[in-house]
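Computed from a predicted structure; not experimentally measured. The chains referred to below are lettered A, B, ... by the order of the sequence lines, with proteins before strands, and numbering in each begins at 1.
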Number of protein chains: 2
Amino acid sequence: MSTKALRKEEEENLLRRADDLCRQNNLRLTPIRERVYRELVQSGGPVGAYDLVDRLSNEKKRLAPVTIYRALDFLRDAGLVHRLATQNSYVISHGQPDMNAMKIMFVDAKTGETVEVHSTEVAEAVRKAAEQAGFKSVSPFMEVEGEIAQ
Amino acid sequence: MSTKALRKEEEENLLRRADDLCRQNNLRLTPIRERVYRELVQSGGPVGAYDLVDRLSNEKKRLAPVTIYRALDFLRDAGLVHRLATQNSYVISHGQPDMNAMKIMFVDAKTGETVEVHSTEVAEAVRKAAEQAGFKSVSPFMEVEGEIAQ
DNA sequence: AATCATCACGTAATAACGTAATAAAAAGCG
DNA sequence: CGCTTTTTATTACGTTATTACGTGATGATT
Ligand SMILES: [Zn+2]
Ligand SMILES: [Zn+2]
Ligand SMILES: [Zn+2]
Ligand SMILES: [Zn+2]
């Protein structure tokens with residue numbers, strides 16, 4: 001099986017999972033929201049909001065930024081998409097929603113390429129540090145810039 | 001001694017340390033750069049770039065945004081200031097420059113208040129996760145949103 | 001001192017990112 | 001169906017950050 005077919009299969013898996021998750025939580029994965037999600041899946045990496053505006057627009061219809069931001073907000077609230085604050089961009093969240101794991105997005109400082117890793121060790125260490133800082137709870141997501149190994 | 005005097009003393013300490021660090025690394029802490037740094041120190045928390053524009057401007061002279069951004073870039077490169085990407089703001093980095101510690105900025109999701117903690121445990125755990133992600137090096141700064149304990 | 005290279009700053013314009021306000025359309029529900 | 005809530009369209013606006021270009025300061029080299 002070709003890598004392209006593999007990727008296509010992976011795509012469909014993600015779409016199906018998103019669909020299921022929304023169905024189970026009474027969330028509506030409307031056409032626009034699904035198109036945004038699909039575009040992020042297909043891109044294979046972080047994409048800016050205005051890039052999404054361009055990619056999902058055509059001659060007939062030009063989407064407004066606010067349309068994309070609303071869809072992104074929905075997808076983020078649903079836990080399907082992460083915002084990379086350092087990159088002003090948005091990226092698919094994959095992996096099982098493990099409540100005890102920290103979801104770390106490593107971002108290559110040069111290319112913007114991202115790799116997501118889930119770690120209970122980091123979660124535990126951060127929890128300790130948070131206590132020290134007087135924080136009673138912390139987000140299960142974080143973003144760390146670095147240099148990817150060639 | 002009053003808390004105000006203590007803070008004033010702390011201020012002067014930070015300024016002196018910044019001055020020393022720049023001198024030792026042949027960096028030029030010019031008047032504008034020092035004014036920006038001092039303003040961040042005095043504010044005691046994160047400040048937006050355009051806030052800094054306002055605070056450092058007066059009737060006689062209105063600073064341009066780019067002037068502030070250049071000073072912030074210098075201070076960030078020198079390791080004196082940290083950008084909070086989730087808040088679009090800038091904050092003093094304090095503590096000793098411990099190469100083995102992760103500098104974690106906990107950001108209260110509600111108020112934007114920050115607390116900085118250095119942790120070698122988090123650094124080590126993140127290093128392991130980075131290896132897993134195929135990253136050979138990571139930034140010693142990270143930002144975690146959370147909820148401050150009242 | 002004159003030359004040269006580099007860095008810092010001023011000024012203006014613009015790009016990039018994100019939100020508010022309002023009205024229209026669509027979807028859920030009795 | 002009529003009523004309510006959610007979603008979307010359109011427009012305008014606000015905020016954050018960068019680009020471009022010129023000028024002056026600085027510091028070393030000849
Ligand atoms: Zn939301
Ligand atoms: Zn994830
Ligand atoms: Zn820089
Ligand atoms: Zn620090």
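One atom, CG of B/Asp73, and another, P of D/dT18, lie 8 Å apart when rounded to the nearest Å. The interatomic distance linking B/Ile68 (CD1) with D/dT16 (P) rounds to 13 Å, in whole Å. Between the C1' atom of D/dT8 and the CG atom of A/Leu72 lies a distance of 15 Å, rounded to the nearest Å. If you take CG of B/Leu63 and C1' of D/dA17, they are 16 Å apart, rounded to a whole angstrom. Rounded to an integer number of Å, the gap from CD1 of B/Ile32 to C1' of D/dG24 is 13 Å. The distance between atom CD of A/Glu34 and atom P of D/dT8, rounded to the nearest whole Å, is 12 Å.
At C/dG10, one or more side-chain N or O atoms of B/Thr67 fall inside 4.0 Å of OP1 or OP2 (strictly under the cut-off). Between B/Tyr69 and D/dT15, a side-chain N or O to OP1/OP2 separation shorter than 4.0 Å is absent.
Between B/His82 and B/Phe141, the two ring planes are parallel [angle under 30°; tilted spans 30° to 60°].
Partners of A/Tyr90 by ring pair (Phe, Tyr, Trp, His ring centres under 6.0 Å), not counting sequence neighbours: none found. Listed by chain and residue number, nothing satisfies the salt bridge (Lys or Arg N to Asp or Glu O under 4.0 Å) test with A/Arg83 (two or more places apart in sequence, or in another chain).
Direction of the helix axis in the helix from C/dA1-D/dT30 to C/dG30-D/dC1 shifts by 30° between the two five-pair termini, rounded to 10°.
Contacts between residues 41-61 of chain A and DNA chain D, counted as heavy-atom distances below 4.0 Å, involve A/Lys61. Contacts of residues 75-89 of chain B with DNA chain D (heavy atom under 4.0 Å): B/Arg83, B/Asn88.
In this structure, the separation between CZ on A/Arg28 and SG on A/Cys22 is 11.0 Å, given to the nearest 0.5 Å. To the nearest 0.5 Å, the span separating CD1 on A/Ile148 from CD on A/Glu113 amounts to 4.0 Å. Within the model, atoms NE2 of A/His118 and CG of A/Asp98 stand 8.0 Å from one another, a figure rounded to the nearest 0.5 Å.
In this structure, the side chain of B/Glu143 engages the main chain of B/Ala85 through a donor-acceptor pair within 3.5 Å. Under a 3.5 Å cut-off, the side chain of A/Ser57 and the backbone N or O of A/Leu63 do form a donor-acceptor pair.
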Check: Can B/Asp20 and B/Arg16 be said to form a salt bridge (charged side-chain N to carboxylate O under 4.0 Å, His left out), step by step?
Finding: CA-CA 6 Å; B/Asp20 290 349; B/Arg16 196 162 34 244; 5.9 Å; no

Note to self: Could you go through A/Lys8 and A/Glu12, starting from their C-alpha distance and side-chain angles, then the distance that decides it, and tell me whether this counts as salt bridge (charged side-chain N to carboxylate O under 4.0 Å, His left out)?
What the structure shows: CA-CA 6 Å; A/Lys8 181 72 181 168; A/Glu12 294 309 320; 3.7 Å; yes

Next item on the list: Starting at the 5' end of nucleotides 20-30 of chain C, put B wherever the base has a protein heavy atom under 4.0 Å, S where only the sugar-phosphate does, and a dash everywhere else.
Entry: B------SS--

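Using a 4.0 Å heavy-atom criterion, one finds that A/Phe74 contacts no nucleic acid atom at all.
Counted within 6.0 Å of CD on B/Glu131, heavy atoms from surrounding residues, nucleotides or ligands total 12 or fewer; the atom is thus considered open.
Residue whose closest nucleotide on DNA chain C sits further toward the 5' end, between B/Arg62 and B/Arg33: B/Arg33.
Contact check on B/Lys110 versus B/Glu147 returns a salt bridge, with a Lys/Arg side-chain nitrogen under 4.0 Å from an Asp/Glu carboxylate oxygen.
Defined by atom type and a distance below 3.5 Å, a donor-acceptor pair is present between the side-chain atoms of A/Asp108 and A/Thr111. Checked by atom type, the side-chain pair A/Glu145/A/Thr86 shows no donor-acceptor distance below 3.5 Å.
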